[in-house]
Amino acid sequence: MYKSFRHLWIILCIIQHFLPYAETQITDDWLDPLSMDEAYLTIINRNASFPIQLQIRLIVCEECNSTVIPESSTQPGANTTIIVSTTYAQDIEVISEITNEILLCQIKAHKFAEHAFYTLEIFHDSPLSCTITQTKGGSYYWLPVIIGMGSMLALVIAIQVWKRITQHSCCSRLLPNRFRTTTDGDYTISLPKSPTTTVNDPNDDIINTLSAGSELPLVGSTRLSNNSVRITKVLPKRLRSLDTFRGFSLMVMIFVNYGGAGYPFFKHSIWNGLTLADMVFPWFTWMMGVSIVLSQRSLRAKNVRKASILYKICRRTLVLFVLGIMLQGGNDRWVNIRIFGVLQRLAVCYFITAIIVLIFDDTEDEPYSSEWPIGNDVHQRFRVELSNTLFHFWPQWLFVLLLTVAWILITFFVKFENCPSGYLGPGGKHHHGEKRNCTGGIAGYIDRLILGASHVFNHPTCKGVYETEMPFDPEGILGILTGTLLCYLGVQAGHSFAHATRIVRVCAHWIISGLVCGGIGLALSKGGQSDSWIPINKNLWSLSFILVLASLAFFILTLLYLLVDVYSGFTGEPFLWLGMNSIVIYVGHEVCGKLFPVQFRVEETRHWQLMIMHLYGVIFWIIVAGVMYRKKTFIAI
């Protein structure tokens with residue numbers, strides 16, 4: 001482990017040597033130095049009649065009034081240099097400083113380049129005209145992203161190459177024993193006659209997903225007799241592609257929680273829309289649904305009673321919820337503790353979904369049958385398979401759809417205080433300030449009414465841009481209803497995997513499900529537009545957001561299943577390491593995330609510096625997960 005950290009430190013020092021060239025050096029001593037995401041704008045007023053000012057509106061601030069920039073006041077024949085933000089595109093308007101009248105000179109959706117120099121010239125024409133010109137180039141804004149992502153890709157490739165080397169018979173003999181990777185050749189296994197013959201595995205929980213007893217064999221199987229089968233590839237006890245997917249999502253979550261190198265596209269959406277940071281938490285919820293099916297099938301295969309399964313569900317729910325509250329931190333008084341959060345949302349959605357699956361699952365539905373599904377060798381009528389994977393679970397679907405209908409009725413038809421029914425906006429400056437206290441619509445109102453404002457998250461992503469005053473929790477109460485739908489869509493993926501008899505049909509089920517969910521989600525949001533029936537919104541966990549994220553999850557799991565479990569073209573590492581101990585790594589990065597040597601402060605903040613620091617944090621936890629994986633340390637809850 002010491003050598004791993006030493007090699008990591010050398011690589012980071014090399015990157016740090018070259019990345020400063022991505023920043024533009026400021027040579028004008030009379031100007032204030034620029035920080036991250038800033039540029040210079042020089043305003044030249046060639047109008048001889050009156051002084052002017054600028055007012056701007058961020059594009060991400062939808063239906064907001066423009067804000068006057070007092071520092072932009074420029075007299076006739078003079079010029080003024082100001083610092084402008086380059087984070088988001090802006091609408092720029094020129095107004096008369098005397099009458100506050102908006103002049104005809106307007107620039108729409110202009111995006112400034114970081115650390116660049118711009119000139120805005122206002123001409124005394126009829127009508128008044130203006131032009132904006134870039135006079136000096138900015139920094140190489142995307143270079144840290146390219147180098148950072150390239151470094152992570154190189155790490156994954158290096159691990160894959162090392163894995164292949166250690167598995168090769170010639171090379172493995174030259175390596176010490178601790179570096180060798182054992183491989184299994186062809187072997188014959190007996191098919192279980194009943195669920196009681198399965199092996200008891202202690203890791204069948206919602207975080208470490210077991211597929212024992214419901215794993216579809218890999219390709220290359222050959223039936224020898226009615227009771228045995230020769231397999232050319234090892235049957236995994238776990239659905240490794242699901243662990244890989246979970247580990248990848250956790251890696252992205254760690255990077256985003258550390259700050260995403262300060263880039264806005266690595267942060268959560270201001271309100272409507274979708275970014276990479278918005279995806280990982282819902283994907284965890286969806287994957288938890290897959291885990292529920294595989295875990296409960298494994299427990300039923302061991303003849304575990306439903307009462308015992310219910311006890312496990314309640315215990316895990318309580319542990320997750322309490323752990324989530326403990327991780328909120330920062331307050332030692334109950335009156336200021338945020339009640340809901342990431343782990344709390346996972347706990348409640350897990351509890352509801354697991355109870356639905358437990359209650360409505362047919363006890364006669366044995367996890368094994370006399371016709372054991374072997375790759376593409378078993379042919380089952382499509383009608384029977386469709387019934388087993390979808391129609392057989394209609395009571396579960398009915399209950400989940402009722403929860404979804406309840407979300408729709410509450411969201412769009414309940415009026416509260418001085419806010420209209422169906423309002424889905426952030427309040428504050430939205431709608432030109434007419435609904436300032438309606439942040440989050442009925443979802444925010446329910447949280448403030450039931451939990452109390454002091455127990456609700458007070459720093460929503462919309463606060464800085466929309467200047468909202470009301471607290472709002474993106475993991476609030478109403479979102480549990482759509483969160484349960486998302487979790488159950490993962491359950492449906494688990495049902496398809498457990499009951500389909502061919503690999504091609506498993507993939508077909510997942511792809512069709514992804515297309516249906518994605519089509520409905522995009523239709524409800526009119527292709528992702530804010531002015532739609534149901535916008536894509538992570539803060540509200542809107543119905544369109546749930547369906548689009550479920551669609552992406554279906555597609556990603558299909559791809560990883562083929563790469564990792566079927567064709568073994570990708571081992572899943574290092575994402576697999578993170579996925580096998582996701583709860584431990586998540587808690588570790590939350591508790592120790594800002595402590596040295598996991599993270600450290602820098603004197604001058606630049607994107608390249610933050611990229612090094614945040615990627616270092618990600619790699620640190622990858623190494624920790626790798627050590628735990630190597631030592632076979634899997635911690636379940």
Side-chain angles (χ1 to χ4, degrees), residues 60-64 268-273 278 281-282 285 321 324-325 328 331 334-342 344-349 352 402-486 524-525 530-546:
V60 293
C61 191
E62 300 172 356
E63 300 183 56
C64 298
H268 290 292
S269 299
I270 299 300
W271 192 249
N272 294 326
D278 297 330
F281 177 29
T285 307
F321 199 95
I325 292 181
Q328 303 292 354
N331 294 299
W334 168 251
V335 70
N336 295 321
I337 292 179
R338 178 189 175 193
I339 296 179
F340 280 94
V342 173
Q344 296 94 311
R345 168 67 62 84
L346 284 174
V348 177
C349 290
I352 297 175
L402 287 176
L403 293 180
T404 306
V405 171
W407 181 88
I408 295 174
L409 294 177
I410 295 172
T411 300
F412 291 99
F413 297 100
V414 176
K415 187 177 180 180
F416 60 101
E417 291 186 344
N418 298 321
C419 303
S421 58
Y423 179 70
L424 301 177
K429 295 168 62 177
H430 188 243
H431 277 186
H432 310 289
E434 297 175 0
K435 302 176 179 63
R436 177 165 293 275
N437 295 325
C438 301
T439 302
I442 188 64
Y445 175 75
I446 290 175
D447 291 338
R448 294 188 292 270
L449 179 65
I450 297 178
L451 304 176
S454 62
H455 295 298
V456 177
F457 189 52
N458 199 33
H459 300 282
T461 56
C462 59
K463 186 171 185 177
V465 172
Y466 286 96
E467 299 178 3
T468 57
E469 300 172 356
M470 304 297 291
F472 176 79
D473 202 321
E475 283 80 46
I477 296 174
L478 190 59
I480 293 173
L481 301 181
T482 48
T484 302
L485 171 63
L486 179 61
L524 291 175
S525 64
S530 294
D531 185 16
S532 59
W533 297 304
I534 305 180
I536 296 175
N537 189 296
K538 188 266 179 186
N539 289 279
L540 298 173
W541 279 53
S542 64
L543 183 58
S544 57
F545 172 79
I546 294 300

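None of these values were measured; they are calculated from a predicted model.
- Of the possible polar contacts, none joining the Tyr466 side chain to the Cys64 backbone as a donor-acceptor pair under 3.5 Å is found.
- Of the options His430, His431, Lys435, a side chain to side chain donor-acceptor pair (under 3.5 Å) to Tyr423 is made by His430 and by none of the others.
- Enclosure of atom NE2 in His432 by more than 12 non-hydrogen atoms of other residues, nucleotides or ligands within 6.0 angstrom is indicated.
- Annotation for Glu62 and Ser530: closest pair OE2-OG, 2.7 Å, computed over non-hydrogen atoms.
- In this structure the side chain of Asn458 reaches within 4.5 angstrom of the side chain of Lys463, judged on heavy atoms.
- Listed by chain and residue number, Asn272, Leu424, Ser532 satisfy the side-chain contact (heavy atoms from CB on, under 4.5 Å) test with Pro535 (two or more places apart in sequence, or in another chain).
- Every residue two or more places apart in sequence or in another chain that forms a side-chain contact (heavy atoms from CB on, under 4.5 Å) with Ile450 is listed here: Ile446, Ile477.
- Taking each heavy atom of Phe472 and Gly440 in turn, the nearest pair found is CE1-CA, 3.6 Å.
- A distance of 6.0 Å or more separates the ring centres of Phe412 and Trp533.
- Applying the side-chain contact (heavy atoms from CB on, under 4.5 Å) rule to Ser544 yields the partners Leu524, Ser525, Ile534, Ile536, Ser542; only residues at least two apart in sequence or on another chain are considered.
- Residues His268 and Phe281 keep their aromatic ring centres 6.0 Å or farther apart.
- Side-chain contact between Ile352 and Val348 is present, with heavy atoms from C-beta onward closer than 4.5 Å.
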